[in-house]
**Q** 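For reference, the structure I am asking about is given below.
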Amino acid sequence: MSVEQTVKPITVSDIRARKNGEPLVCLTAYTSLTAVLLDDHVDLLLVGDSLGMVLYGLDSTLGVTLDMMIAHGQAVMRGSKKACVVVDMPFGTYQESPEAAFRNAARVMVETGCDAVKLEGGVEMAETVKFLSQRGVPVLGHIGLMPQSVNQYGFRAQGKTETEAKRIMNDAKAIADAGAFAIVIEGTVEAVARKVTKTVAVPTIGIGASPACDGQVLVTEDLVGLFKEFTPKFVKRYSELGDGIASAAKQYAKDVRARKFPGPEHCFGMKPPPKSKRK
Ligand code: KIV
């Protein structure tokens with residue numbers, strides 16, 4: 001008898017319930033292969049629009065389209081059985097109005113089958129977060145350093161001044177009150193992230209926002225040493241897969257040029273002719 005193990009998927013409610021509990025473990029995934037590798041180890045897989053820079057070589061996340069996010073969301077959903085999967089809403093697909101945001105978010109939810117969407121913004125996005133949350137689209141918020149606003153604020157740590165600290169706190173309160181089930185806090189000074197985490201009733205997920213948060217998220221390609229263009233201060237490398245790939249390619253090139261690869265064990269032989277029954 002085969003005992004098939006049934007996996008209980010982690011839901012948005014499970015994530016919300018982890019406030020002040022065991023820290024949430026979150027990583028980005030853009031492909032089915034990565035989702036398969038990470039799924040057993042994380043609570044949440046984020047199909048982040050960072051894929052624009054990491055996979056497509058763009059300078060920022062601004063050139064990422066809804067179709068790109070949907071294609072990668074579908075791939076991750078094919079590879080994930082357990083993790084709560086959240087897909088980023090790319091720049092320009094939700095800022096115009098709550099109605100436009102709903103139309104695009106509904107496409108993401110229906111076409112990928114993901115659990116929730118993530119969008120950047122605080123007070124100014126609260127109405128949209130409420131509109132989506134009340135209509136069946138769970139929202140993961142994203143405040144502090146917001147890469148889609150790079151042209152306005154740059155890529156620098158947030159919350160260093162009293163004014164910034166107040167803005168971040170107001171942003172967190174506004175989207176938590178609007179119904180976000182959790183909030184990503186990116187690139188924010190520890191004291192502010194700590195205060196926000198103590199204040200809001202939903203889990204905070206930090207990236208460069210200190211261990212005070214209810215969970216942590218990193219870009220997987222940073223974690224494993226595949227993306228080396230730029231390494232933020234808050235990244236810890238747990239592996240050097242980029243070096244491994246480069247050295248495998250170097251060895252392969254050497255073997256092909258020396259006709260050492262493929263070897264006989266990699267070749268298909270011809271079948272021997274069938275034996276005749278008559279003598
Ligand atoms: O796009 C992304 O990967 C993100 C994480 C860095 C939080 O938003």
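We count residues from 1, following the sequence as given. Atoms within a ligand are numbered from 1 in the order they appear, just like the ligands themselves.
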**Q** Check this for me, if you would: do Asp39 and Lys81 make a salt bridge, where the nitrogen-to-carboxylate-oxygen distance has to be below 4.0 angstrom?
**A** no
**Q** Examine the side chains of Tyr94 and Gln148 and answer whether a donor and an acceptor come within less than 3.5 Å of each other.
**A** yes
**Q** Taking atom OG of Ser60 and atom CG of Asn151, what is their separation to the nearest 0.5 Å?
**A** 7.0 Å
**Q** Of Thr197, Asp214, Thr204, which is the lone residue that meets side-chain hydrogen bond (donor to acceptor under 3.5 Å, both in side chains) with Lys19?
**A** Asp214
**Q** Would you kindly specify which portion of Leu46 sits under 4.0 Å from ligand 1, judged on non-hydrogen atoms: side chain, backbone, both or neither?
**A** side chain
**Q** Under 30°, 30 to 60°, or over 60°: which ring-plane class applies to Tyr30 and His72, parallel, tilted or perpendicular?
**A** perpendicular
**Q** Check whether Phe227 forms a cation-pi arrangement with Arg237 (NZ or CZ under 6.0 Å from the six-membered ring centre, at most 45° off the ring normal).
**A** no
**Q** Which ligand 1 atoms, with their elements, are less than 4.0 angstrom from a heavy-atom of Gly48?
**A** 1 (O), 2 (C), 3 (O)
**Q** May I ask you to check if ligand 1 and Glu186 share an N or O to N or O distance below 3.5 Å?
**A** no
**Q** Report the part of Asp88 (side chain from C-beta onward, or backbone N, CA, C, O) that has a heavy atom under 4.0 Å from ligand 1; answer both or neither where that applies.
**A** side chain
**Q** On a heavy-atom basis, I'd like to know which of Pro90, Ser50, Ala29 is closest to atom 3 (O) of ligand 1.
**A** Ser50
**Q** Looking at Ile207, which atoms of ligand 1 are within less than 4.0 Å of one of its heavy atoms?
**A** 6 (C)
**Q** Check contact between Lys118 and ligand 1, using heavy atoms of the residue and a distance below 4.0 angstrom.
**A** yes
**Q** Using a distance-only test with no angle check, is there a side-chain donor-acceptor pair under 3.5 angstrom linking Thr11 and Arg16?
**A** no
**Q** Applying a 4.0 Å heavy-atom criterion (strictly less than), which segment of Thr28 is in contact with ligand 1: side chain, backbone, both, or neither?
**A** side chain
**Q** For ligand 1, which atoms, with element, lie under 4.0 Å from some heavy atom of His142?
**A** 8 (O)
